[in-house]
Structures are given as structure tokens and as C-alpha cells.
Protein chains: 2
Amino acid sequence: MTTINQIAKMANVSRTTVSRALNNSGYVSEEARKRIMKAIEETGYVPSEHAKSLRTKRTKVIGVIVPTIRTETSGRIVSGMDEVLSKLGYQILLASTNLDKQKEMEYIHLLKVRQVDGIIFAATNGNEHLQELIQQLEIPIVVVGQEMDGVSMVLYDDYHAARDIVSLFIEKGHRNIGFIGVDESDRSVGYLRKQGYLDEMKHHNLPVEPEWIQKGIFDIESGYGAMERLLTTTRNNPTAVFAVTDRLALGACNYLKEKGYTIPGDIAISSIGGSEFTKHLSPPLTTVDYQNEKAGREAAKIILAKLSGETENKKITLDYRFLIRGSV
Amino acid sequence: MTTINQIAKMANVSRTTVSRALNNSGYVSEEARKRIMKAIEETGYVPSEHAKSLRTKRTKVIGVIVPTIRTETSGRIVSGMDEVLSKLGYQILLASTNLDKQKEMEYIHLLKVRQVDGIIFAATNGNEHLQELIQQLEIPIVVVGQEMDGVSMVLYDDYHAARDIVSLFIEKGHRNIGFIGVDESDRSVGYLRKQGYLDEMKHHNLPVEPEWIQKGIFDIESGYGAMERLLTTTRNNPTAVFAVTDRLALGACNYLKEKGYTIPGDIAISSIGGSEFTKHLSPPLTTVDYQNEKAGREAAKIILAKLSGETENKKITLDYRFLIRGSV
DNA sequence: AAGTGTTGTGGAATCGATTACTTATACTTA
DNA sequence: TAAGTATAAGTAATCGATTCCACAACACTT
């Protein structure tokens with residue numbers, strides 16, 4: 001590896017001058033600059049980022065923590081971030097927690113050690129230790145899709161999206177409307193979306209039977225199970241079901257098809273997620289597209305703003321697109 | 001930020017001793033060790049990775065270059081890598097080219113500057129400049145899903161997977177079999193899969209009309225277009241079609257459904273990819289699952305082996321699972 | 001002729017670690 | 001008892017950059 005000292009020697013100047021030439025700081029004569037450039041050209045020299053970081057305390061790396069990178073949602077978020085960050089020479093150090101709450105905290109620690117310039121946190125969590133940890137972090141941080149005190153956030157409008165969906169069902173004449181959710185410790189997906197459902201039902205004076213509310217985890221199988229429970233534990237079956245994620249909805253659809261129910265004839269279904277696959281199901285799934293790329297882009301922009309001195313915490317709530325398709 | 005010097009002062013030893021205690025190298029008395037640990041505890045000190053890297057030339061970071069992180073395939077590959085790497089304290093520095101061949105080379109450069117310990121390259125390319133660049137790289141490198149001279153590779157068995165698919169069609173009685181491919185500059189997806197198709201056809205003495213071979217790019221829309229051309233440019237229509245990716249197949253299916261063809265009644269269809277969504281189409285798509293996570297894991301293992309001294313280049317060809325479902 | 005400003009350059013400290021080398025004990029062992 | 005060795009800890013060089021400060025040389029003012 002070529003170092004700045006070798007370049008200095010080749011160009012017959014001190015390494016100070018080389019550094020100045022490289023960073024366009026201070027005075028460097030045309031001749032010296034030319035000799036330096038020639039030496040750099042010949043050797044293919046590139047300055048060591050580590051030495052630089054050690055001195056300047058900036059790494060041009062942003063740490064990104066996601067629950068998993070196997071899903072389309074995470075992929076789209078990260079993709080959006082990368083779009084903005086790479087343009088300014090920042091790179092992404094990826095950490096995937098695989099839904100392990102313990103790891104979320106470990107990774108924050110790890111990223112701090114790596115001295116990333118900022119952290120974007122896109123993993124769901126209810127852990128209050130994490131809150132604490134994040135608060136005392138002296139690195140800029142942005143949280144995506146989750147409310148948290150004292151940090152910048154990019155939020156989806158979970159509550160209103162949920163109400164919109166239920167409202168659509170009601171408009172179409174449904175009165176018995178079921179709900180497939182996840183644990184409420186997940187504030188966004190679990191709590192807010194459920195609250196939207198409940199409030200919209202109440203707003204129309206529609207009753208909600210306890211059996212209409214089922215819970216799954218984040219996978220397709222549990223959507224299947226939830227729909228099964230939904231249709232076997234009460235005589236008073238719902239004619240429409242709102243699932244909080246596309247995957248849950250997919251599982252639910254699978255159950256319906258298997259048992260010979262028609263969609264939306266017997267049961268209408270809709271969810272939140274906007275995954276690409278929803279378009280190609282039969283019938284195509286009605287879903288809310290959160291525009292995850294945009295969330296990623298916005299989060300990246302906030303981090304960049306913080307890095308250039310902005311101190312105020314921002315809170316952005318993104319709009320969404322309601323994709324009404326054949327399943328309702 | 002606490003540094004090793006502060007810890008040394010607090011524990012009343014030299015920073016050398018602190019370093020030794022931290023790295024379990026050389027002798028440190030029990031008492032000294034205790035005092036050091038106490039100081040670390042109190043301050044929450046973590047050694048700076050940059051200072052470390054500067055001295056040791058190891059960063060514990062692996063650079064990963066992918067064509068895009070929006071797709072399931074990439075997500076699964078990266079996820080598999082992360083699984084193996086994070087266990088040993090390595091992290092992933094992600095670079096996504098967005099299918100821009102120029103960027104592939106830029107990123108290799110960028111990762112080199114960041115002094116990553118190794119690079120995993122999972123982006124398709126036909127560029128010979130890249131070949132050169134990779135060859136002169138003194139960092140360990142592993143290429144996934146693409147043949148290249150002089151480097152370690154993790155390959156999918158594109159050729160045989162393609163033959164298996166065609167063979168299945170023939171077994172089911174099809175004789176007119178169409179093909180939706182991509183540009184052959186992509187050796188794996190473009191060339192090898194096509195070659196498998198052609199060879200299996202020849203092996204059974206089946207003719208291949210030029211119109212049966214259509215080309216798309218990597219998205220759903222072009223699959224739609226390819227299928228359209230396939231059925232409108234010749235009177236001698238195929239009764240089965242092999243698409244080289246799941247997305248192309250999906251586009252093709254969309255066209256068929258739109259025009260009222262039945263699958264597999266009028267036209268059988270199968271592809272390579274094993275994406276999760278294929279299971280939920282109607283009919284479910286017959287596809288070859290490449291087990292991308294495994295590819296990621298294997299690539300990670302090879303990099304790790306290289307980092308611990310292994311010099312020989314490895315070439316692994318992964319097996320695949322043929323998921324035969326309703327579309328054939 | 002003295003003072004001031006601009007341009008160009010280099011010396012040396014610094015960032016936070018690791019590590020080769022040295023020194024100082026205490027304990028074996030021939 | 002002298003030599004050898006295991007244990008413990010410190011000194012100082014080093015990694016590859018940035019940056020503060022000092023110093024020249026020269027051109028202008030006044």
C-alpha cells in the first residue's frame with residue numbers, strides 16, 4: 001500500500017504539502033501540485049480512511065440496523081437510504097438483528113465502536129433499555145417506523161392507514177369486520193394499527209366481537225392460523241378482515257382458498273405493506289403502500305442534515321398510497 | 001470518548017499493560033487486571049477500531065457488492081452471509097450497484113480504500129475491465145453466482161437446473177418448448193441457462209424454432225412482453241415455456257391470464273429462482289430454489305478461510321431444489 | 001527602511017491503539 | 001552460588017493521515 005509519505009518523497013515535498021494538495025486546504029504551488037498528482041497517478045495511491053478517521057473523527061459510514069434483510073420492506077428502506085447516502089460518498093454498515101431484541105442493543109454498541117457517523121434504526125422494538133441506550137448515544141440517530149422520545153423519526157401513518165382500510169370495508173357494506181394483528185408491544189404495527197381499526201369501528205357504531213381480533217407473528221403461517229381461528233371460534237363470522245401486514249394477509253388468503261371461501265365474495269381482505277407480490281395474487285390484494293424507499297431516503301436526509309450541524313430533532317410522517325384492488 | 005490512555009491512568013498502569021489485558025497477550029497480574037477491568041466498567045470504554053486497524057491492518061469488515069437489495073434473492077444472499085460473519089464479529093459494508101456496471105468497479109475501489117478484510121461480489125457482470133481489477137486486488141475475494149478466472153466462487157448449477165426443467169416438460173409430453181432468457185453477456189443467467197435449454201432439447205431431438213427464444217431484462221414487465229412475442233410471432237405455438245427468472249415467469253403468467261390462456265392447460269411454465277412469492281401464485285409456479293442463504297453462508301465461509309491463511313481458490317457448486325408445483 | 005500581507009513550505013504534535021524491546025523481580029536448578 | 005527462566009510491567013516506535021505553528025521569500029505600502 002502506498003502511503004502519503006511515499007508520495008511526499010516522490011514529489012519531493014513534505015507530507016504536509018501532499019495533504020494540503022489532497023484536501024485543497026492552504027497554499028500549494030502549481031508545480032508542487034503537479035508533481036504530487038503525477039506521483040499519485042503512478043502509484044494509484046488512495047489515502048487510508050482509518051488514519052483519516054483517527055485524526056478527523058469522521059468515517060463517512062452510516063450504521064443501519066434492520067430486523068431482517070430477507071423481506072422486501074427492509075430491502076426497499078435500505079435501498080432508499082443507499083440512494084441518498086452513496087451520492088455523498090457515505091457507505092452503509094449493515095446490521096441485521098433477525099428479530100432478536102438482544103441484538104438490537106449489541107449492534108448499537110458495535111456500530112459505536114466502529115465510530116459510524118450516524119445510526120439509522122429501522123427495527124421494531126418495545127424494549128425500554130434500548131430507549132435509554134439510544135438517548136445517551138452521542139451519535140446522530142434516526143428511527144424509522146417507530147415512535148421514540150428525543151430522537152428524529154420517520155413515521156408511517158399507521159393509524160390513519162388502518163382507519164382508511166376499515167372505512168373502505170364499511171363503505172362497501174361490511175359490518176362484521178375482523179382484525180389480524182401482532183403483539184401490541186410493537187407500537188406501530190401492533191398498537192397503532194389496531195387502534196385505528198377499533199376507532200373506525202366505534203366511529204360507525206359497529207360492534208367488535210372479541211373473537212374477531214386475532215393475533216399472529218410476522219409470517220405467513222401465522223396469518224393462516226389467525227384466519228382459521230377467526231372463522232372457527234365464533235358463529236358470527238366477519239365478512240371482511242384487515243390484516244396488519246401483507247404476509248399475514250397472504251396466509252389468511254391461503255386459508256380461505258384452501259377451505260373454498262371466495263375472495264372478496266365470502267370474505268374481503270386488505271392489509272398494509274404494499275409488497276410487490278400483492279399485485280400478483282388472485283385476486284390481487286388491496287393494500288396500503290408505505291413507499292419504503294422514500295422512508296429510507298428521508299431518514300438518510302435527516303442524518304445528513306444532523307451531520308452538517310442541524311441539532312433539532314425532526315419528525316416526518318409519510319403519506320401513503322392506498323392500492324385498492326380485487327380483494328375487496 | 002474514553003481512550004486506552006485514560007484507562008491506563010485510572011488503573012495506574014501503562015497503556016501497554018491495558019492493551020495486554022484486553023488482548024490476553026503477555027503477562028498481566030491479577031491485581032492489575034482487576035483495576036483495569038474496573039476502570040473499563042466505570043467508563044464504558046471500548047477500543048477504537050480505527051486505531052486498531054491502522055496498526056493491525058485488519059478491520060473485521062467484509063465488503064459486499066450486490067446488484068440491488070430490493071429483491072428477495074439479494075436479501076437472502078446477504079442474510080446468509082451475515083449469519084456466518086456476525087458470529088465471528090465481522091460486519092458487512094454494503095454496496096449496491098443498482099445494475100450500473102460502472103459502479104461495480106467504483107465500489108471495489110471504495111471498499112479497498114476502506115480496507116475491508118475481504119470482498120464478496122454478487123453482482124452480475126460481463127465487463128472484462130472488472131476481471132482485471134479483481135485479479136490485481138490483493139484482498140481476498142469471493143464471487144457468487146458467476147464464473148470468473150483466478151478467484152474463489154460459489155456457483156449455482158444453472159446448466160443442470162435448466163436441463164432439469166426442460167426435461168420435466170418433455171416428460172409431461174411437451175414438444176414445443178419456449179424460452180424466455182436475458183442477454184448472454186450475463187454468463188450464468190443468460191448463457192448457461194439457455195445452453196441447458198438448447199442441449200436438453202437437442203438431446204431429445206426436439207426442434208427449436210427461433211421465435212421460441214425470447215429475451216427480456218430482469219423485470220416483470222419484460223416477461224410479459226416476451227410471452228406476448230412468443231405467442232404472436234409464430235403459428236407453431238409452444239405448449240410450455242421456461243423463463244430464466246421467477247420475475248420473468250410472473251410477467252409471462254400475467255400475460256397468459258390476461259389473454260385467457262390456462263396454466264398449465266394451454267401453456268405450462270417454470271422458472272429458476274425459488275422466490276417465496278411463487279408459492280402463492282395461482283397456479284403456484286414450478287421453480288428451482290437455489291437456496292440463496294446457503295450461497296451467502298458458503299461465500300462467507302470461504303472468505304473467512306482465506307482470512308485465516310487459506311490461499312487456494314475454492315469453487316463450490318451448490319445443489320438446488322426443484323419445486324414442482326401446479327404450473328406444469 | 002520598516003512594516004504588512006500574500007504565498008509556499010516544512011517540522012512536529014496528534015489521533016488511539018499494538019508490539020518489539022528492555023528492565024526488574026522472584027524462583028528454579030545444576 | 002551462578003546461571004537460567006517465568007512473570008510482570010514499562011519505554012518508545014509505529015501505523016497513515018491532519019493540522020497548528022513557525023519560517024522564508026517576496027511584493028506592496030507608507
Side-chain angles (χ1 to χ4, degrees), chain A residues 1-37 39-40 43-61 89 109-117 138-139, chain B residues 1-40 43-61 89 110-117 138-139:
Chain A
M1 275 263 96
T2 331
T3 73
I4 197 172
N5 286 306
Q6 294 169 40
I7 299 294
K9 201 167 287 170
M10 288 175 70
N12 212 23
V13 293
S14 73
R15 73 162 158 282
T16 310
T17 306
V18 177
S19 176
R20 269 193 298 256
L22 250 46
N23 299 292
N24 289 318
S25 56
Y27 297 106
V28 180
S29 67
E30 255 328 296
E31 286 113 68
R33 185 180 299 275
K34 252 184 216 153
R35 293 201 307 276
I36 291 169
M37 289 313 165
I40 291 179
T43 56
Y45 161 77
V46 275
S48 148
E49 285 293 333
H50 294 292
K52 236 184 201 163
S53 300
L54 185 57
R55 207 40 246 254
T56 61
K57 308 288 174 213
R58 310 191 86 226
T59 57
K60 288 236 159 192
V61 173
H109 193 249
L110 216 64
L111 291 176
K112 196 176 141 191
V113 173
R114 298 242 183 247
Q115 319 232 82
V116 295
D117 288 345
E138 64 286 352
I139 310 169
Chain B
M1 276 264 96
T2 332
T3 72
I4 196 172
N5 287 306
Q6 293 169 43
I7 299 294
K9 201 167 287 170
M10 289 175 70
N12 212 25
V13 293
S14 75
R15 72 160 160 282
T16 310
T17 306
V18 177
S19 176
R20 269 193 297 255
L22 251 46
N23 298 292
N24 289 319
S25 57
Y27 296 107
V28 179
S29 68
E30 255 326 297
E31 285 113 70
R33 186 182 298 274
K34 251 185 216 153
R35 292 201 307 277
I36 291 169
M37 288 314 166
K38 183 159 160 275
I40 291 179
T43 55
Y45 162 76
V46 274
S48 149
E49 285 293 333
H50 293 291
K52 238 185 199 162
S53 301
L54 186 55
R55 201 49 239 255
T56 62
K57 308 288 172 211
R58 310 190 88 225
T59 57
K60 288 236 157 192
V61 172
L110 216 64
L111 291 176
K112 195 175 142 193
V113 173
R114 298 242 183 247
Q115 320 231 84
V116 294
D117 287 345
E138 64 284 354
I139 310 170

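Just so we're on the same page: letters track the sequence lines, and every chain starts at 1. Below, each value reflects all heavy atoms present in this structure, side chains not excepted, and no hydrogens, waters or symmetry copies. In this text the structure is predicted, and so the values were computed from the model without any measurement.
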**Student:** If you check the A/Ile4 side chain, which of D/dA17, C/dG10, D/dA13 turns out closest?
**Tutor:**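 Of the candidates, D/dA17 comes closest.
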
**Student:** Are A/Thr3 and A/Ser48 close enough that some pair of their side-chain heavy atoms sits under 4.5 Å apart?
**Tutor:**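 The answer is no, as the side chains (C-beta and beyond) never meet within the 4.5 Å cut-off.
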
**Student:** Quick check: any donor-acceptor pair below 3.5 Å linking the side-chain of A/Arg20 to the base of C/dG10?
**Tutor:**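 In this structure, the two groups form a donor-acceptor pair.
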
**Student:** I need the CE-C1' distance between A/Met1 and D/dA17, as an integer number of Å.
**Tutor:**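 Value for this atom pair: 14 Å.
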
**Student:** Do A/Thr16 and C/dG11 have a side chain to base donor-acceptor pair shorter than 3.5 Å?
**Tutor:**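 Donor-acceptor pair under 3.5 Å: yes.
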
**Student:** Choose from D/dA13, D/dA17, D/dA6 the nucleotide whose nearest atom is closest to any side-chain atom of A/Tyr45.
**Tutor:**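 So the nucleotide nearest the side chain must be D/dA17.
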
**Student:** Quick one: A/Asn24 CG to C/dG8 P, roughly how many Å, whole number?
**Tutor:**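 Between P of C/dG8 and CG of A/Asn24: 13 Å.
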
**Student:** Taking only side-chain nitrogens and oxygens of A/Asn5, does any of them come within less than 4.0 Å of OP1 or OP2 of D/dA17?
**Tutor:**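 So the side chain of A/Asn5 is outside the cut-off, no N or O lying under 4.0 Å from OP1 or OP2 of D/dA17.
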
**Student:** B/His50 versus A/Gln115: any side-chain heavy-atom pair under 4.5 Å?
**Tutor:**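 Heavy-atom side-chain distance check passes, below 4.5 Å.
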
**Student:** Would you please confirm or rule out a distance under 4.0 Å between OP1 or OP2 of C/dG8 and any side-chain N or O of A/Tyr27?
**Tutor:**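 So the side-chain polar atoms of A/Tyr27 never come under 4.0 Å of the phosphate oxygens OP1 or OP2 of C/dG8.
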
**Student:** Can you tell which of C/dT18, D/dT18, C/dG10 lies closest to the side chain of A/Val13?
**Tutor:**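 Ranking C/dT18, D/dT18, C/dG10 by closest atom to the A/Val13 side chain puts C/dG10 first.
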
**Student:** Using whole Å, report how far CD of A/Glu30 lies from P of C/dT7.
**Tutor:**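 Taking CD of A/Glu30 and P of C/dT7, I get 13 Å after rounding.
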
**Student:** At less than 4.0 Å, is any side-chain N or O atom of A/Ser19 found next to OP1 or OP2 of D/dT18? Yes or no.
**Tutor:**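 The answer is yes; a side-chain N or O of A/Ser19 sits under 4.0 Å from OP1 or OP2.
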
**Student:** Nearest of D/dT7, C/dC15, D/dT11 to any side-chain atom of B/Ser14?
**Tutor:**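 Looking only at heavy atoms from C-beta outward on B/Ser14, the closest nucleotide is D/dT11.
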
**Student:** Does C/dT18 have OP1 or OP2 sitting under 4.0 Å from an N or O in the side chain of B/Lys57?
**Tutor:**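 So the side-chain polar atoms of B/Lys57 never come under 4.0 Å of the phosphate oxygens OP1 or OP2 of C/dT18.
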
**Student:** Rounding to a whole Å, what distance do you find between A/Lys60:NZ and D/dA17:P?
**Tutor:**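 Value for this atom pair: 17 Å.
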
**Student:** Starting at the 5' end of DNA chain C, which residue's closest nucleotide do you reach first, A/Gln115 or A/Arg35?
**Tutor:**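 Closest to the 5' end, via its nearest nucleotide, is A/Arg35.
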
**Student:** Would you kindly give the CD-to-C1' distance between A/Glu49 and D/dG16, to the nearest whole Å?
**Tutor:**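 Atom CD in A/Glu49 sits about 12 Å away from atom C1' in D/dG16.
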
**Student:** What's the closest nucleotide to the side chain of A/Thr17 if the choices are C/dA17, C/dT9, D/dA17?
**Tutor:**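 Out of C/dA17, C/dT9, D/dA17, the nucleotide with an atom closest to A/Thr17's side chain is C/dT9.
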
**Student:** Quick check: do A/Lys112 and A/Val116 have side-chain heavy atoms less than 4.5 Å from each other?
**Tutor:**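 A/Lys112 vs A/Val116: side chains apart.
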
**Student:** In whole Å, what is the span from the CZ atom of B/Arg58 to the C1' atom of C/dT19?
**Tutor:**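 Answer to the nearest Å: 16 Å.
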
**Student:** Hey, does the side-chain of A/Arg15 have a donor or acceptor N/O within less than 3.5 Å of a partner on the base of D/dT18?
**Tutor:**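 In this structure, the two groups form a donor-acceptor pair.
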
**Student:** Taking B/Thr43 as the fixed residue, which of B/Met1, B/Gln6, B/Met10 is the one that meets the side-chain contact (heavy atoms from CB on, under 4.5 Å) rule?
**Tutor:**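 The residue from B/Met1, B/Gln6, B/Met10 that satisfies side-chain contact (heavy atoms from CB on, under 4.5 Å) with B/Thr43 turns out to be B/Met10.
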
**Student:** Hey, which sits more toward the 5' end of DNA chain D by its nearest nucleotide, A/Thr3 or B/Ser29?
**Tutor:**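 Counting from the 5' end, the first nearest nucleotide belongs to B/Ser29.
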
**Student:** Determine the minimum heavy-atom distance between B/Tyr45 and B/Thr2, stating which atoms define it.
**Tutor:**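 That closest heavy-atom pairing would be CD1-O, 3.4 Å.
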
**Student:** Please determine whether a side-chain nitrogen or oxygen atom of A/Lys52 lies at a distance below 4.0 Å from atom OP1 or OP2 of C/dC15.
**Tutor:**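 No.
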
